[in-house]
Amino acid sequence: MNLLNKFMNMDRRWIYLITAICVIIPFLIPIGLPTYTTPPARNIYEKIDNTSDGQVVLLSFDYDAAVLPELYPMTITILNHCFNRNIKVILMSLYMQGIGIAQVALEDVKREFPEKKEGIDYTLLPYVPGGALVILGIGEDIHKTFPTDYYGTLIDSLPMMREIRNFDQISLAISFSGGGVSRTWVTYANQRYGANVAAGVTAVMAAENYPYLQTKQLIGMLGGLKGAAEYENLVEKNLKLKTRKAACIGMDAQSAVHIMMIVFIVLANIAYFAGRRRKK
Amino acid sequence: MSHDPWVWVAAFLTLCIFSFLYKDNPFYRFAEHLLIGATLGYALPLVWKNIVTPKIIVPLQHHEYWLLIPLCLGLLYIARLIPKYAWLSRWPMAFALGTGSGIAIPLSLQAGIFKQMQGTMLTKAMLSPSITPTVHIIGNIVMFVGVITTLIYFYFSIKHTGTVGKVARIGVWYIMLAFGATFGYTVMARVSLLIGRFQFLLHDWLGVIK
């Protein structure tokens, strides 16, 4: 009983320390626990893979640095997949800070694909304020919403953008977001223009997005680090991923911390009920 | 180990933030204040470069004077700072609310309610074993029951007693399951952020992992 009492009154800093150990050890001694691919991740992969000539994939970096560890690995892997398949990509953001992240992601992936050229293989669009209005603008005419690209070049002069006018030429729009922005894409791009929309979201937001998967308003979803790991595995299996598999590497630590938490929850409940019985 | 001084700066700031887990200290407060300052410092020039210059200054230089109307309307927000003229700020607010609602309400209803209702409705095909796999049929029924019982739980015009109470109780179980799923995902999200920082420290900074 004394031990249970001690456990219930444990200084929380011990929990922080144990958590840190549970994260560090799997990094130093990788276990390689398997990560299974789920249909929402596979749907995105197949949709990108089946993008026809004359169509592009739009990636919207609707997040800032606060959720970088969760969303950056999936953005890198999807960009990698598109470049691997020679699919043209439009990069944009409804968040002001997102453009900087898109630029860094491009630089990272271009190290593996130095032949990819701005305006021919990809276009980085500048930040335009308005959120939902920007999506509606793309639905009407992307050239009017974004007269120039991020670097100030007239969008009409970019070879890959000449034939791209609206969502009809965009095979898939993926919103990476740490908030509810993916729902904005569902509401305005999918509902208004019938665009194919997918979401790459933080794990916190994943549960809220499942209803949209069921109604097929989202064709696919990557939820947090687990979703990113699933996509890394898909690309690795089919195309040989050239970049570092940051999400897969992190999944061992993720599992270790989850086991630790389950143990703590079970022990805390045993201690609580034992303490309550003793009081009676 | 990294030779990039900026990686060292980032590692130092990460450790400063982590030090709060032991207890509040000047290193943590320094990093926290630096983050707030850097965020603002980053945002202001971006607003100027991406919004004020291309959307206002450049068009005005090209004699697009009609832009003065929305510009003046927007400037009325600042009237809130002067108590005597604070009422003027209601005009741009009314404009934003009116246009925003006009655009959002019909589409949000379509995407968030009608489409979801449609997704919940059971059709003959959804329950037919020859068309739909058994596991999906069970899933469709579970979802249908969940939506109905949860909605009944949130219907407060009838007292939750008798049959209604029992049905509402099932709704509560569904809500608890939803909370559990959300909590599980939230744990995963927070741990992912920690993993991200440790990956940075062990890979980018110290180089002890691949």
Side-chain angles (χ1 to χ4, degrees), chain A residues 12-13 16-17 19-20 23-24 27-28 30 64-70 72-73 96-97 99-100 126-129 132-133 136 147-148 178 183 186-188 190-192 202-208 210-212 214-217 223-226 244 246-247 249-251 253-254 257-258 261, chain B residues 18 20-23 35 38-39 42-43 46-47 49-52 54-55 99-100 103-104 106-112 114-120 139-140 143 147 177-203 208-210:
Chain A
R12 63 181 173 183
R13 284 175 291 194
Y16 297 149
L17 184 67
T19 308
V23 172
I24 292 169
F27 277 136
L28 300 175
D64 55 24
V67 289
L68 209 64
E70 274 199 277
Y72 193 69
M96 203 186 295
Q97 297 93 328
I99 291 296
Y127 168 73
V128 170
L133 297 176
L136 292 172
T148 64
R183 284 204 300 274
V186 167
T187 306
Y188 294 95
N190 174 266
Q191 192 61 46
R192 176 76 178 82
T202 51
V204 175
M205 297 305 298
E208 283 185 32
Y210 273 100
Y212 297 103
Q214 192 262 332
T215 53
K216 297 187 173 52
Q217 288 166 287
L225 205 64
K226 161 79 165 58
R244 185 172 174 263
I249 293 167
M251 282 312 289
Q254 183 85 255
V257 176
H258 283 192
M261 286 205 63
Chain B
F18 278 174
F20 182 77
L21 295 173
Y22 185 70
K23 66 176 186 179
L35 173 72
T39 307
Y42 182 69
L46 275 179
V47 170
K49 183 180 172 282
N50 291 306
I51 303 171
V52 180
K55 301 285 173 199
T99 49
I103 292 166
L107 286 173
S108 298
L109 278 175
Q110 283 285 339
F114 299 144
K115 197 83 180 171
Q116 292 301 319
M117 277 169 67
Q118 194 186 344
T120 313
N140 290 334
M143 190 187 62
V147 172
L177 284 171
F179 284 159
T182 308
F183 174 71
Y185 265 123
T186 305
V187 169
M188 193 165 101
R190 302 299 177 244
V191 173
S192 300
L193 297 181
L194 182 68
I195 288 169
R197 276 296 82 192
F198 270 108
Q199 283 216 40
F200 166 76
L201 291 174
L202 299 174
H203 174 73
V208 292
I209 60 165
K210 280 187 182 175

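Order of the sequence lines fixes the chain letters, A, B, ..., with proteins taken first and strands second; residue numbering starts at 1 for each chain. Keep in mind that this is a model prediction, so the values were computed, not measured.
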Counting heavy-atom pairs under 4.5 Å with chain A, which one of [options] comes out on top?
{"options": "B:Gly196, B:Ala111, B:Gly112, B:Ser108", "answer": "B:Ala111"}
{"options": "B:Met143, B:Lys49, B:Lys55, B:Lys115", "answer": "B:Lys115"}
{"options": "B:Gln118, B:Lys23, B:Gln110, B:Gln116", "answer": "B:Gln116"}

Report the distance from atom [atom1] of [X] to atom [atom2] of [Y], rounding to the nearest 0.5 Å.
{"X": "A:Thr19", "Y": "A:Ile24", "atom1": "OG1", "atom2": "CD1", "value": "10.5 Å"}
{"X": "A:Thr202", "Y": "A:Leu225", "atom1": "OG1", "atom2": "CG", "value": "11.5 Å"}
{"X": "A:Gln254", "Y": "A:Ile249", "atom1": "CD", "atom2": "CD1", "value": "14.0 Å"}
{"X": "B:Thr39", "Y": "A:Asp64", "atom1": "OG1", "atom2": "CG", "value": "8.5 Å"}
{"X": "B:Phe179", "Y": "B:Thr186", "atom1": "CZ", "atom2": "OG1", "value": "11.5 Å"}
{"X": "B:Met188", "Y": "B:Ile195", "atom1": "CE", "atom2": "CD1", "value": "9.5 Å"}

Relative to chain A, which segment of [X] carries a heavy atom at a distance below 4.5 Å: side chain, backbone, both, or neither?
{"X": "B:Tyr42", "answer": "side chain"}
{"X": "B:Leu46", "answer": "both"}
{"X": "B:Leu21", "answer": "both"}
{"X": "B:Leu202", "answer": "side chain"}
{"X": "B:Ala178", "answer": "neither"}

Examine whether an atom of [X] lies under 4.5 Å from a heavy atom of chain B, and if so say whether it belongs to the side chain, the backbone or both; otherwise answer neither.
{"X": "A:Met205", "result": "neither"}
{"X": "A:Leu133", "result": "side chain"}
{"X": "A:Ala253", "result": "both"}
{"X": "A:Lys216", "result": "neither"}
{"X": "A:Ala246", "result": "both"}
{"X": "A:Gln97", "result": "both"}
{"X": "A:Tyr212", "result": "both"}
{"X": "A:Leu136", "result": "side chain"}

Would you mind telling me which of A:Gly223, A:Ala206, A:Gly224 has the largest number of heavy-atom pairs within less than 4.5 Å of chain B?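 Option with the greatest count: A:Ala206.
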With respect to chain B, which residue among A:Gln191, A:Met96, A:Arg192 yields the maximal number of heavy-atom pairs within a distance under 4.5 Å?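 That would be A:Gln191.
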Should [X] and [Y] count as side-chain neighbours, where that means a heavy-atom distance under 4.5 Å?
{"X": "B:Arg190", "Y": "A:Val204", "result": "yes"}
{"X": "A:Leu17", "Y": "B:Tyr22", "result": "no"}
{"X": "A:Phe27", "Y": "B:Val208", "result": "no"}

So, A:Gln214 side chain and B:Gly119 main chain: donor-acceptor pair closer than 3.5 Å or not?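 Such a contact is found between A:Gln214 side chain and B:Gly119 backbone.
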Just checking, A:Arg13 and A:Tyr16: is the charged tip under 6.0 Å from the six-membered ring centre and within 45° of the axis?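 No cation-pi geometry.
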